[in-house]
J.: 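So that we are looking at the same thing, I have put the structure below in C-alpha cells.
Atoms within a ligand are numbered from 1 in the order they appear, just like the ligands themselves. No hydrogens, no waters, no symmetry mates; every other heavy atom, side chains included, goes into these values.
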Amino acid sequence: MSSSTSSPSAQPGRPRILTGDTPTGRLHVGHWVGSIENRVRLQDSYECYFLIANVHAFTTRADRPDDIRRDVLEIVKDWLAAGIDPERSTLVLQSEVPAIAELTWFFAMQLPFNRVMRNPTLKHEIETKGLGDKYSFGFPLYAVGQCADILAFRPALVPVGEDQVAHLEMCREVARRFNHVYCDVDPALDDEAHVTAGGLFPIPAPLVGRVGRLVGTDGVHKMSKSLNNAIFLSDSAKEIKKKVGALYTGRQSMTDPGDITSSLFQYVRAFIKDPARVQALEERYSRGDNIGDGHIKAEVTAAIDELLGPMRARRAEYDRPGGDDLVLDILREHAARANAVAEETLYLAKQKMKMDIGRRTLGL
Ligand code: TRP
C-alpha cells in the first residue's frame with residue numbers, strides 16, 4: 001500500500017467507526033442531534049469512515065440520476081460544513097467501492113429472505129413512502145447492502161439515528177453468522193469476544209445520538225425533508241426565525257401553565273446548551289410564570305443560529321464556483337483510502353469462504 005492511499009487517521013489501536021447517509025437532499029438539525037454531532041466529536045478518538053449511500057438512492061429513484069448526483073454533492077457539502085474534517089476522516093462514496101457490492105452477495109446468502117422482509121425499518125419505509133408492492137427487487141436488498149457497507153470496514157461502532165437500529169441488528173446477525181460458519185466461532189460466544197476467537201468481523205454496536213428522534217416543526221412527525229417540517233443545516237438566520245416562530249403551542253397567555261413536552265420545548269432541550277438555563281425555562285414555563293412563547297422562541301432561534309452560523313460560513317467555501325470540483329476531488333482521493341480497507345476485508349472474507357484463488361489489484 002503506498003502512503004498516498006493509507007488513511008492519515010490509521011493509527012494502530014484506534015478503533016474504527018463507519019456510518020453514512022443516503023443522499024436524498026439537504027441535512028437538517030434532526031440529523032445533527034441524531035448522529036452528525038457524534039460523528040464530528042468522535043473524529044478525534046476513532047478512525048472514521050463516512051459513507052454516502054448513492055447506490056441505495058437508486059432503490060427508490062432509479063429514474064433520477066441527475067438528482068442523485070446533485071444530492072451527493074449537497075450532502076458532502078453539509079458534512080464538511082458541519083465539521084467533518086477530510087484531513088482526519090475518510091469519505092466513502094459507495095459506488096466507488098466495488099468490494100461492498102461483492103460482500104452484499106455473500107451476506108445475502110447468510111440471511112433468510114423472510115428475515116430481511118421482516119426488518120421493521122424496511123416495512124416502515126414501504127408504508128411511509130407508499131411503495132405498496134411495487135418496489136424494486138433492489139429495495140429490500142439495500143438492507144443487506146447496508147450490512148456490507150458497514151462490515152467492509154470492520155468497525156467497532158456505528159453512530160446512527162434511532163431509525164437505523166433495526167438495520168444494525170441485522171448487520172450484527174450477519175457478522176455473527178459469518179464468523180460462525182466460516183471462522184468457526186462458537187455461536188454462543190459474547191459479541192465482544194468474536195475477533196479474539198478468530199472471527200473476521202467485529203460485532204459492531206450502534207451509537208444513537210443524544211436525541212434519537214427529533215420532532216419536526218409540524219409538532220407531530222419526526223423531522224424529515226419530505227414532510228416539509230425541517231430546519232436545514234444550511235438555513236439562513238431568517239429562515240430559522242420564521243420556522244421556529246411558526247411553532248404552534250396552543251397556549252393563550254404568559255400566565256398559562258405551559259406544556260414542556262411540546263416541540264418548542266424539545267428544541268429548548270436539544271439546542272440550548274446551558275442545562276441550568278434549560279431547567280429555569282422549563283420551571284417558569286410550566287408554572288406559567290409570566291414567560292411568553294415569543295421569548296422562548298427567541299432563545300431557541302438564537303441557540304440554533306449559534307450552532308448553524310459557523311456551518312454556514314464553512315459551507316460558503318464550497319458554494320462558490322469551483323466548489324463542486326473541490327468536493328469531487330475529495331471523493332476521488334478518499335475512494336482510494338476506502339478501497340484499501342474494503343479490498344482487504346473482501347480478500348479476507350474470500351479466504352475464509354475458500355475463494356481466495358485469483359489475484360486482483362484495483363490500482364490501489
Ligand atoms: N440507510 C441509512 C439512511 O438512510 C444510510 C446508510 C447506508 C448507512 N449505509 C449505511 C448508515 C451504513 C449507517 C451505516 O440513513
J.: For F139 and Y135, take the angle between the two ring planes, folded into 0 to 90°, and tell me which bin it lands in: parallel under 30, tilted 30 to 60, perpendicular over 60.
T.: tilted
J.: Residues sharing V185's hydrophobic cluster, by side-chain heavy-atom contacts under 4.5 Å among ILVMFWY, directly or via others?
T.: L189
J.: Apart from V165 itself, what residues make up its hydrophobic cluster when side-chain heavy atoms of I, L, V, M, F, W and Y under 4.5 Å apart count as a link, directly or indirectly?
T.: V208
J.: Extract all N/O-N/O pairs under 3.5 Å that connect ligand 1 to the protein, and present each with both atom names and the distance rounded to 0.1 Å.
T.:
unit_1, atom_1, unit_2, atom_2, d
ligand 1, 1 (N), Q146, OE1, 2.8
ligand 1, 1 (N), Q164, OE1, 3.1
ligand 1, 4 (O), T22, OG1, 2.9
ligand 1, 9 (N), D149, OD2, 2.7

J.: When the ring planes of F50 and W79 are compared, do they come out parallel, tilted or perpendicular, using 30° and 60° as the limits?
T.: perpendicular
J.: Taking the inter-plane angle between the rings of Y285 and F265 on a 0 to 90° scale, is it parallel (under 30°), tilted (30 to 60°) or perpendicular (over 60°)?
T.: tilted
J.: For D324, give me all partners under salt bridge (Lys or Arg N to Asp or Glu O under 4.0 Å), at least two apart in sequence or on another chain.
T.: K77
